[in-house]
Amino acid sequence: MKLLSHKNSLQKRVHHQRLYLLFKTPLSLKTHSKHIQTSTVITENPENKTLLSLTHNSNFDSSPTSIPYSKLLSQCTTSKSLTRGMEIHARLIRFGLLKDPDFRNHLVNLYSKCRFFVYARKLVDESPEPDLVSWSALISGYAQHGFGREAISAFEEMHLLGVKCNEFTFPSVLKACSIKKELKLGMQVHGVVVVTGFEFDEFVANSLVVMYAKCGDFVDARRLFDAIPERSVVSWNSLFSSYVQSDFYKEAVDLFQEMVLSGIRPNEFSLSSMINACANLGDGGQGSKIHGYLIKLGYGSDPFSANALVDMYAKVGNPEDAVAVFEEINRPDIIAWNAVIAGCVLHEHHDLALKLFQEMKSSGTYPNMFTLSSALKACAGMGIKELGRQLHSSLIKIDVKWDYVVGGGLVDMYAKCDSMDDSRLVFDLIPEKDLVAWNALISGYSQNGEDREAVSLFPLMYREGVGFNHTTLSVVLKSIASLQAISVCKQVHTLSIKSGFESDNYVVNSLTDTYGKCGHVKDATTIFKEFPVVDLLAFTSMIAAYVQDGQGEEALKLYLEMQDREIKPDSFVCSSLLNACANLSAYEQGKQVHVHLIKLGFISDTFAGNSLVNMYAKCGSIDDADCAFSEIPVRGIVSWSAMIGGLAQHGHGKDALQLFNQMLKDGVSPNHITLVSVLCACNHAGLVNEAKQYFQSMEKLFGIQPMQEHYACMIDLLGRAGKLDEAMELLNTMPFQANASVWGALLGAARIHKNIELGQHAAEMLFALEPNKSGTHVLLANIYASVGMWENVAMVRRLMKDSKVKKEPAMSWVEVKDKVYTFIVGDRSHTRTDEIYAKLDELRDLLNKAGYVPMVEIDLHDVERSEKEQLLYHHSERLAVAFGLIATPPGATIRVKKNLRVCIDCHEALKFISKVVSREIIVRDINRFHHFKDGSCSCGDYW
């Protein structure tokens, strides 16, 4: 009864200590080392029951010395049977046998192995002369369970007491130094090792190598490794496993190859470490070689190695081999299932990941939190909301803790399934919202086009003290770019500098992109040039910024700099360059970029293919555009819209409508941009009835409500056709206020038909909407001039002067020998000016003989007729054409781009020029393309 009472009292004390020692903060190192306490799992097994029967044997009390306590305690230590060991401890106290050093050492070892350090330390402290065995057991227990500081403290105390270490103590002490990264102390222990003569002991030497490596001193680690006289596979494993743990994967692989060449046969631990190294290197080829070693050396059935192989093949993007290895595992455990599923998700093989997930459930293996997290990512990747909901339910059923993996994963899944309400609901239910959850929600809003919500969450997140990373800033900047919120961009820029992100590639590139998309190209350029390390993404952002801002020449120059730095472009860079060429009408340079596309292997890239169609169409070669369109492997709505729009701009209205019908037959639904192109095609071809049918049926047939652009096209079309009343009626029935493009279309119609009243009304509306735009004033003045109302023309000019509105200068560009030349009216800055004007004089004589009569009435200058004729001859498009005639071979097509609408007189003159010089002249103005050939224009004078 007394023994039982003592046992219960001891257990109560132990339980009481656990309640507070788990959470108690140590006041000092020594205090902490004496009160370490953790919970222990008590296992029941047949051996324990045998021990219990021995301790309850009736002969036990009468003959205590006959019981083999040492053996019993050793068995308790092996099985970690703490309760049984404590019972024996109680009996040893009762019979006065605890003074025996052997029993005391066994108990210290038992308690240390069972993480019951309160009693282990107490036994050492109460021992009259604790010997090396007790200290070694205590230090080993601390080190094995991660209590590095306590192990070091015990070693220092032992050393002060004069107890010398042996080959079993030193490895534990060195492991403790590794845990705490105590390199200085480790070097001191190394000194003791040398002094005591244990430096050539294999276990001690291996421990020294690991200590130096884990403390970051790989030079000394390698030096010590090389000094080991006879290195076994354990020695090699020690070093390259340290390399792997410190992310030096290539060095680990090199060392492994060195080991094999030295004749040392790797074991399963060596091979598993190498598989992990190959996985992290993404080196599937080397991983396959290691796989061969595994099979050759007979470790193919080792479950640990098999799991590592599955993980490696999955991570290097080879799901087929991952699944093949996985299927060879007799009974795959949860680790194997998680590895193969997570690997498939990592490389976006979401369908395969979900298939494996279903197979796992069918096999009877129950998924854990990590499995469900991977499955959630797969659902997010495929947008399968219903399965995602089922997984959400499973997580609730297993009552999983809401950590960053679960909470962030659910928020991300719902967001990527276009269910932001559910995503926000899950986010609001997370008790402690971490950075992952915030990033997932902000990214979700941004991806779903709710940019204002994404940006507004950022300051709230900042105030919550969660912090942010480069992902947060990049996503927020993306939404800021969409909102064109330049002031917010500058605030985020300032915050990123204050927070130390000014050197982060992702943030710097995002800032460059955002400033560019907000129209602040100068700021974007400054960031780009000041950043010391520019990569592909930086060049991509800057080139795109130049293109968007209309600085195509700067974009092409930057591409040359990119080539000089030997940075290989991707398909997106090539697409941006094609857009630059399209904006410049740089046909020859566009063809060169096309060649680059072919050489770089991007010719089958849909994104690049679409840009190629657009470039050729905008450079005046609709035939090349058609060829590029036919080569796109999978044509989406962007591809079809680009080609239909190109045909429309070139005046091939009926061809554009035929292609549109073909698109519908192919099962591709139009978007609002496609329908704008269709209406433009009808407009340029004068197909009024067809345009009405498409406009009136677009909502019924395609579910697209007419927008400002569609109304502008229809009003322009009706106006050109002289149906001004219908145009006004349509404008008055619009479900929203007409914007500048609609009123501009009406003003253009008024100019064509010289309708002063309508022109004045449209101009007044435009003055209110765009007071600083000179085009309105010019068109209104042209209307007045066309009917001889010169006083009104003067009034409009005074209005421009008083309002400080400057007329946008007319500019024309022509490409000759891979270089784009710019001309303005009366330009004399070109190096070949004399030749250009001589050519114009020559053309004047030829045109006069051919019957050309200048339309001087369109010139608004109050000067003599001869002077007006001279001014008309010096318009920018004529200067560009004249230069093209003297700078290109006879018969070559001349391609000109103008920033404004080509004037009526130049249009007439260019028809005559094309005939007298036998050249095709292609002019792209702000509205469309004009192909002048043999005295006529492709527009049929309807533009």
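These numbers come from a predicted model, not from an experiment.
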Check your understanding: What do you reckon, are the aromatic ring centroids of His710 and Phe695 less than 6.0 Å apart?
Key ->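 His710 vs Phe695: aromatic centres not under 6.0 Å.
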
**Study point:** is_close_aromatic(Tyr616, Phe629), centroid dist under 6.0 Å
**Key:**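 No: the rings miss the under 6.0 Å criterion.
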
Taking the inter-plane angle between the rings of [X] and [Y] on a 0 to 90° scale, is it parallel (under 30°), tilted (30 to 60°) or perpendicular (over 60°)?
{"X": "His874", "Y": "Tyr837", "value": "perpendicular"}
{"X": "Phe932", "Y": "His907", "value": "perpendicular"}
{"X": "His777", "Y": "Phe767", "value": "tilted"}
{"X": "His931", "Y": "Phe929", "value": "tilted"}

[Y] and [X], any side-chain heavy atoms less than 4.5 Å apart:
{"X": "Ile921", "Y": "Val881", "value": "yes"}
{"X": "Leu799", "Y": "Asp802", "value": "no"}
{"X": "Lys591", "Y": "Cys619", "value": "no"}
{"X": "Tyr694", "Y": "Leu675", "value": "no"}
{"X": "Leu577", "Y": "Val547", "value": "no"}
{"X": "Lys692", "Y": "Val688", "value": "yes"}
{"X": "Glu709", "Y": "Ile673", "value": "no"}
{"X": "Val814", "Y": "Val820", "value": "no"}

Residues two or more places apart in sequence or in another chain: which of them pass side chain to side chain donor-acceptor pair (under 3.5 Å) with [X]?
{"X": "Thr525", "answer": "Tyr546"}
{"X": "Tyr587", "answer": "Asp624"}
{"X": "Gln705", "answer": "Glu699"}

Does any N or O in the side chain of [X] come within less than 3.5 Å of the main-chain N or O of [Y], such that one atom is a donor and the other an acceptor?
{"X": "Ser774", "Y": "Glu808", "result": "yes"}
{"X": "Asp934", "Y": "Lys915", "result": "no"}
{"X": "Glu588", "Y": "Lys817", "result": "no"}
{"X": "Asn583", "Y": "Asn579", "result": "yes"}
{"X": "Ser803", "Y": "Met800", "result": "no"}
{"X": "Thr833", "Y": "Arg828", "result": "yes"}
{"X": "Thr512", "Y": "Ser541", "result": "no"}
{"X": "His875", "Y": "Glu877", "result": "no"}
{"X": "Arg751", "Y": "Leu780", "result": "no"}
{"X": "Arg878", "Y": "Leu872", "result": "yes"}

In Å, rounded to the nearest 0.5 Å, how long is the span from [atom1] of [X] to [atom2] of [Y]?
{"X": "Leu578", "Y": "Ser611", "atom1": "CG", "atom2": "OG", "result": "5.5 Å"}
{"X": "Leu679", "Y": "Met698", "atom1": "CG", "atom2": "CE", "result": "6.5 Å"}
{"X": "Leu847", "Y": "Lys911", "atom1": "CG", "atom2": "NZ", "result": "12.0 Å"}
{"X": "Glu835", "Y": "Ile886", "atom1": "CD", "atom2": "CD1", "result": "4.5 Å"}
{"X": "Cys489", "Y": "Ile480", "atom1": "SG", "atom2": "CD1", "result": "6.0 Å"}
{"X": "Leu840", "Y": "Asp845", "atom1": "CG", "atom2": "CG", "result": "11.5 Å"}

Are [X] and [Y] close enough that a side-chain donor and a side-chain acceptor fall under 3.5 Å?
{"X": "Ser741", "Y": "Asn739", "value": "yes"}
{"X": "Arg924", "Y": "Ser585", "value": "yes"}
{"X": "Thr888", "Y": "Arg919", "value": "yes"}

Which pair of non-hydrogen atoms, one from [X] and one from [Y], has the smallest distance, and what is that distance?
{"X": "Val593", "Y": "Cys574", "value": "CG1-O, 3.9 Å"}
{"X": "Lys618", "Y": "Ala582", "value": "CB-O, 3.8 Å"}
{"X": "Arg720", "Y": "Asn927", "value": "NH2-ND2, 4.3 Å"}
{"X": "Ile783", "Y": "Gly759", "value": "CD1-CA, 4.0 Å"}
{"X": "Val796", "Y": "Ala781", "value": "CG1-CB, 4.2 Å"}
{"X": "Glu815", "Y": "Gln589", "value": "OE2-N, 3.0 Å"}

Point to revise | Intermediate values then yes/no, side-chain contact (heavy atoms from CB on, under 4.5 Å), Leu843 and Val917 | key: CA-CA 9 Å; Leu843 288 172; Val917 299; 3.9 Å; yes

Exercise for review: Starting from the C-alpha separation in whole Å, work towards a yes-or-no answer on side-chain contact (heavy atoms from CB on, under 4.5 Å) for Asn671 and Thr674.
Suggested key: CA-CA 5 Å; Asn671 58 19; Thr674 322; 2.7 Å; yes

For residues 513-524, run the donor-acceptor check on the side chains, cut-off 3.5 Å, and write out each pair with its distance to 0.1 Å, sequence neighbours left out.
from   : atom 1 : to     : atom 2 : distance (Å)
Asp513 : OD2    : Lys517 : NZ     : 3.2
Thr514 : OG1    : Leu477 : O      : 3.1
Thr514 : OG1    : Ser510 : O      : 2.7
Tyr515 : OH     : His493 : ND1    : 2.9
His520 : ND1    : Asp523 : OD2    : 3.4

Point to revise | Cationic tip of Arg844 above Tyr873 ring, under 6.0 Å, 45° of axis | key: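 Yes.
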
Exercise for review: Test side chain to side chain donor-acceptor pair (under 3.5 Å) on Ser829 and Asp827 and set out the steps.
Suggested key: CA-CA 6 Å; Ser829 62; Asp827 199 338; 2.7 Å; yes

Practice item. Report the residues that fulfil side-chain contact (heavy atoms from CB on, under 4.5 Å) with Lys478, sequence neighbours left out, ordered by chain and then residue number. Key: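 Testing Lys478 for side-chain contact (heavy atoms from CB on, under 4.5 Å), a comparison that skips the adjacent residues, returns Ser446.
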
Could you pull out every donor-acceptor pair under 3.5 Å between side chains of residues 549-559 and any protein atom, sequence neighbours left out?
from   : atom 1 : to     : atom 2 : distance (Å)
Asp549 : OD2    : Gln551 : NE2    : 2.7
Tyr559 : OH     : His596 : ND1    : 3.0

Can you tell me if [X] has over 12 outside heavy atoms packed within less than 6.0 Å of its [atom1]?
{"X": "Glu729", "atom1": "CD", "result": "no"}
{"X": "Asp725", "atom1": "CG", "result": "no"}
{"X": "Arg832", "atom1": "CZ", "result": "yes"}

Practice item. Please report the C-alpha distance between Met643 and Ile622 in whole Å, then the side-chain angles of each, then the deciding distance to 0.1 Å, and finally whether the side-chain contact (heavy atoms from CB on, under 4.5 Å) criterion is met. Key: CA-CA 9 Å; Met643 192 62 216; Ile622 199 66; 4.0 Å; yes

Check your understanding: Which is it for Trp813 and Tyr821 under the side-chain contact (heavy atoms from CB on, under 4.5 Å) test, yes or no, and what are the steps along the way?
Key -> CA-CA 5 Å; Trp813 294 265; Tyr821 296 87; over 6 Å; no

